[in-house]
Number of protein chains: 2
Amino acid sequence: MTTEALNRLKTAEAEKITHLDYFNIGISVDCVIFGFEKKELKVLLIKSDLEEFADKWSLLGDLIDPFEDLDSAPYRVLKQRTGLDDVFLQQVGSFGEVKRHPSGRVITTAYYSLINIRNHQLKITDNEVHWHTVADVKDLAFDHKKIMDACLKRLRVQAMDEPVVFNLLPEKFSLRELQDLYQSILGIKLDRRNFRKKISLKSWLHDLDEMENNVPHRPGKLYKLKTGLKTTTL
Amino acid sequence: MTTEALNRLKTAEAEKITHLDYFNIGISVDCVIFGFEKKELKVLLIKSDLEEFADKWSLLGDLIDPFEDLDSAPYRVLKQRTGLDDVFLQQVGSFGEVKRHPSGRVITTAYYSLINIRNHQLKITDNEVHWHTVADVKDLAFDHKKIMDACLKRLRVQAMDEPVVFNLLPEKFSLRELQDLYQSILGIKLDRRNFRKKISLKSWLHDLDEMENNVPHRPGKLYKLKTGLKTTTL
DNA sequence: TCAAAAGTGTTGACTTTACACCCATGA
DNA sequence: TCATGGGTGTAAAGTCAACACTTTTGA
């Protein structure tokens, strides 16, 4: 912030009205929490019970606490909602149209997160919270659809050259599962041979010398992400 | 924002203390304004006269106005500082460590901007504002160095596949100027023949059938960006 | 024995990099 | 005539997309 802004800040402290104008703005974070199940990319949403958005779903978010770093707030939200810490979380952007929140001015910073649905499954106690198939989400409360789309776009870009998507999978996975995951993220079908070639070129995977079981067809080999490549935040 | 947050918001309105805790946070925008001159990438900085940052330079920024969209604020800042509107401006990220501002809690959203130094040259009246060579900037007030680095990184990525850098050049330019610009942004030398091939592959340029003059060597052809490709914001 | 998916290579198109010479201009 | 940069092409390496058959397993 510049000198002028600071002067204004001091002036604001003297003049109550101006002060309230400048500071009567809420700051929140919203989390776009992606999961992967049954070959579909999912997003965790909560029922909005704001009157203006009756029956609409919205992202998980909260006002930031006064003595909490901005980038720490989404970890708190995730911990409260899913019981997980040590998750992948990345800031995507801030949304601050004057009229975006019907109850007053709220500027929000959006984060996207990738979690393994099975790991946190038992920890969601709040039954207003549900997984939705990303491709089927048409409309959300506030500007949350726009925020979700921005996060999805970021995920697509990032998935192409950084080993982030493994946060969505169990520790051991087959190449088929990995390919299904990429297909659900990118929304396109991929050629199996080319996909395997490309993945093996990246040297992200460690061959476990184990096979799938409980599959109704020929089992594939299992892999895990090489140690040291797990990304929690970039 | 979720229901709980809203409830808290309403509670906050009733209880003054909590209200002040939650809302006594300043929100600012900071602009990383890049220019290009004498084969060097420049950034526009202002002298900080905060006691804590005596003799340090800082980014141009301001508190956002109460009834102004977040993404509009940097346009206002630029207009005030350089007299320019219709500039390229893009949000890069938000920075909100509790202690980032010595005078109180301020969360800032950073934008990067690309402007043609010659166009605005005469409009800077504030003589506390100066251009600095990006490569020579070692330290700035607040966390502004970190912010500048984040913006530079974004610029580097974006310059590679979108026609954004033309905002830094005069309307007519030679391929040498364009190559010098790319080199200053990326911080590497490029092969002339390969650079020209790559640029011509992008089909961004319109050959003006004019030549440079006032150069102490063989003049090169002049080009301009094809109409319709000028990017102000993405 | 059938259904389902595993596993595996090659070719052609395209992209990227490295590299060197002659030319036009102004000083 | 010299210094400076303008302008240009090719070959080798690498990357990307398209494409099909045999194998293994469980039901």
> How many Å lie between CG on B/Asp191 and P on D/dG9, as a whole number?
Replying inline: 15 Å
>> Can you confirm whether B/Leu155 sits close enough to B/Val32 that some side-chain heavy atom of one is under 4.5 Å from a side-chain heavy atom of the other?
In response: no
> Once you round it to whole Å, what is the distance between C1' of C/dA6 and CZ of A/Arg196?
Replying inline: 6 Å
>> If you define the side chain from C-beta out and look only at heavy atoms, does anything of A/Asp136 sit under 4.5 Å from A/His132?
In response: no
> Any donor-acceptor pair under 3.5 Å between the side chain of B/Arg192 and the base of D/dG7?
Replying inline: yes
> How many Å lie between CG on B/Asp180 and C1' on D/dT4, as a whole number?
Replying inline: 13 Å
> Counting only N and O atoms by type, is there a donor-acceptor contact under 3.5 Å from the side chain of A/Arg100 to the main-chain atoms of A/Phe142?
Replying inline: no
> Does some side-chain heavy atom of B/Trp131 sit less than 4.5 Å from a side-chain heavy atom of B/Glu37?
Replying inline: no
> Do any side-chain nitrogens or oxygens of B/Arg193 fall under 4.0 Å of OP1 or OP2 in C/dC19?
Replying inline: no
>> Short of 4.0 Å, heavy atom to strand atom, which residues of residues 204-223 of chain A count as contacting DNA chain C?
In response: A/His217, A/Arg218, A/Pro219, A/Gly220, A/Lys221
> To the nearest angstrom, how far is A/Ile199 atom CD1 from C/dT8 atom P?
Replying inline: 15 Å
> Rounded to the nearest Å, what distance is computed from the NZ atom of residue B/Lys202 to the P atom of nucleotide C/dT15?
Replying inline: 11 Å
>> Can you confirm whether B/Asp207 sits close enough to B/Asp209 that some side-chain heavy atom of one is under 4.5 Å from a side-chain heavy atom of the other?
In response: yes
>> For B/Lys197, is there any backbone N or O sitting under 3.5 Å from a side-chain donor or acceptor partner on B/Ser200?
In response: yes
> Ignoring hydrogens and angles, are the base of C/dT17 and the side chain of B/Lys197 linked by a donor-acceptor pair under 3.5 Å?
Replying inline: yes
>> What is the separation between atom CG on B/Asn194 and atom C1' on D/dG7, rounded to the nearest whole Å?
In response: 14 Å
>> Measure CZ/A/Phe195 against P/C/dA5 and give the value in whole Å, please.
In response: 16 Å
>> Just N and O in the side chain of B/Arg176: are any of them under 4.0 Å from OP1 or OP2 of D/dG6?
In response: yes
>> Taking the basic N atoms (NZ, or NE/NH1/NH2) and the acidic carboxylate oxygens, is any pair closer than 4.0 Å for B/Lys145 and B/Asp139?
In response: no
> Over how many whole Å does the gap from B/Leu201 atom CG to C/dT17 atom C1' extend?
Replying inline: 14 Å
